[in-house]
Amino acid sequence: MQKDFLSIHDITPYEFHELLDMTQDIKENPDKYRKRLKDQVLAMIFEKPSLRTRMTFEVGMLELGGKAIYLSPNEIQLGKRETVEDVGHNLERWVDGIMIRTFAHENVVRLGKAVSVPVINALTDLSHPCQGMADFFTLREKKGGLSRAKLAYVGDGNNVCHSLMLAAAKAGTRMAVATPKGYEPSAEMVKAALEDGRETGFSLQLTTDAREAVKEADAVYTDVWASMGQEQEKEARAKIFAPYQVNPALMAAAKPDAVFMHCLPAHRGEEVAAAVFDSPRSVVFDQAENRLHIQKAIMLKLMGKKG
Ligand code: CP
Ligand code: NVA
């Protein structure tokens, strides 16, 4: 693997499947890995709020024998108090890896280039690769062969949608994305996914019709309509996205055994109806649990002495 984990686009299909297999072993045999990152330290830069990402990286480091240090938005003030590069040049003298959640994806790329230690993207406005990996691990657990599954994503063509597309491309999974006009996934990310998926069996349908997208789907995925940093657009978006709510009627248009997925946090009554979110078809907390296992695999790959 490359030094950093910034995008699913950067790993090969082989590395993608290897990470999923390693995650399976870590999940089944956590004790085997208790000392693999003994005495190593991960710095965690957060410019946006988090429950899952912070907890799973911190618990993950503890369970691998290392430690994680949380840096809040007020502490570093990336680019204001110091440049991204200067922050990195300090941190690399003290820690073995850096996890970063920020707004501009460019900051993550700059940090990765500047420092000698591994950098992990823990969400930017463009992508959320750890989430995408955890979700495909969950999909594999629930549905078996990823190359036979169809994933429907309904809602905003955002960071999570982008990482899911890139994961589907590596896995050879059929994917359909339904968004309102003007909220499609970025053309650059669509192009990257199509390139990556040329030989894996991946296919991508982009539509404005949620029912069309979920047809024959094994999993129906949605995310918030207004992401972190878009709070001022919340009301306007609520109106535009209303026809894209994942509710029992929409789930009925998917396969009868289709699961419901969401990266969380979720808003019942907005992007997902409570009747779906709280139903037995919902695997959202399995997804949240799997963030822990997949990130341990990613950290071991990047920071582990024996790779
Ligand atoms: N899904 C996810 O990344 O959750 P947090 O924003 O709580 O970390
Ligand atoms: N799209 C959401 C994902 C949160 C995990 C956001 O960026 O806020």
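These numbers come from the heavy atoms of this one structure, side chains and all, not from hydrogens, waters or symmetry mates. Just follow the structure's listing: the first ligand is 1, and inside any ligand the first atom is 1.
The heavy-atom pair separating Phe136 from Leu164 by the smallest distance is CE1-O, 3.7 Å. Here the shortest heavy-atom pairing between Leu302 and Asp4 reads CD1-C, 4.2 Å.
Counting heavy atoms closer than 4.0 Å to ligand 1, residue Arg54 contributes nothing at all. At a 4.0 Å heavy-atom cut-off, ligand 1 touches Leu264 through the backbone alone.
Residue Cys263 approaches ligand 1 through these ligand atoms, each under 4.0 Å from one of its heavy atoms: 1 (N). Heavy-atom proximity to Leu51, at under 4.0 Å, picks out these atoms of ligand 1: 5 (P), 7 (O), 8 (O). Here is the list of ligand 1 atoms found below 4.0 Å of a heavy atom in Ser50: 5 (P), 6 (O), 7 (O), 8 (O). The distance from ligand 1 to the heavy atoms of His128 drops below 4.0 Å at these ligand atoms: 2 (C), 3 (O).
Here the protein heavy atom with the shortest distance to atom 6 (O) of ligand 1 is Arg101 NH1, 2.8 Å.
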Using a 3.5 Å cut-off on N/O to N/O, what pairs does ligand 2 make with the protein? A line per pair would be great.
{"unit_1": "ligand 2", "atom_1": "1 (N)", "unit_2": "Asn158", "atom_2": "ND2", "d": "3.3"}
{"unit_1": "ligand 2", "atom_1": "1 (N)", "unit_2": "Asn159", "atom_2": "OD1", "d": "2.9"}
{"unit_1": "ligand 2", "atom_1": "1 (N)", "unit_2": "Asp223", "atom_2": "OD2", "d": "2.6"}
{"unit_1": "ligand 2", "atom_1": "1 (N)", "unit_2": "Ser227", "atom_2": "OG", "d": "2.7"}
{"unit_1": "ligand 2", "atom_1": "7 (O)", "unit_2": "Asn159", "atom_2": "ND2", "d": "2.9"}
{"unit_1": "ligand 2", "atom_1": "7 (O)", "unit_2": "Ser227", "atom_2": "OG", "d": "3.4"}
{"unit_1": "ligand 2", "atom_1": "8 (O)", "unit_2": "Met228", "atom_2": "N", "d": "2.8"}

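Note on Leu126 and Val119: separate hydrophobic clusters, where clusters join Ile, Leu, Val, Met, Phe, Trp and Tyr whose side-chain heavy atoms are under 4.5 Å apart, directly or indirectly.
Asp218 and Arg174 are not joined by a salt bridge, as no carboxylate oxygen comes within less than 4.0 angstrom of a charged side-chain nitrogen. Glu195 has a carboxylate O that lies under 4.0 Å from a charged side-chain N of Lys191, or vice versa, which qualifies the two as a salt bridge. In summary, Arg110 and Glu106 do not engage in a salt bridge, as defined by a charged side-chain N under 4.0 Å from a carboxylate O. A salt bridge does not link Glu15 to Lys301: none of the charged nitrogens lies less than 4.0 Å from a carboxylate oxygen.
Contact analysis leaves Met55 out of contact with ligand 1, as no non-hydrogen atom separation drops below 4.0 angstrom.
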(request) Before giving the answer on side chain to side chain donor-acceptor pair (under 3.5 Å), spell out for Thr138 and Gln287 the whole-Å C-alpha distance, their side-chain angles and the decisive distance to 0.1 Å. (result) CA-CA 6 Å; Thr138 309; Gln287 293 172 256; 5.8 Å; no
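Geometrically, Arg54 does not engage Phe46 in a cation-pi contact, judged by NZ or CZ lying under 6.0 Å from the ring centre and within 45° of the ring axis.
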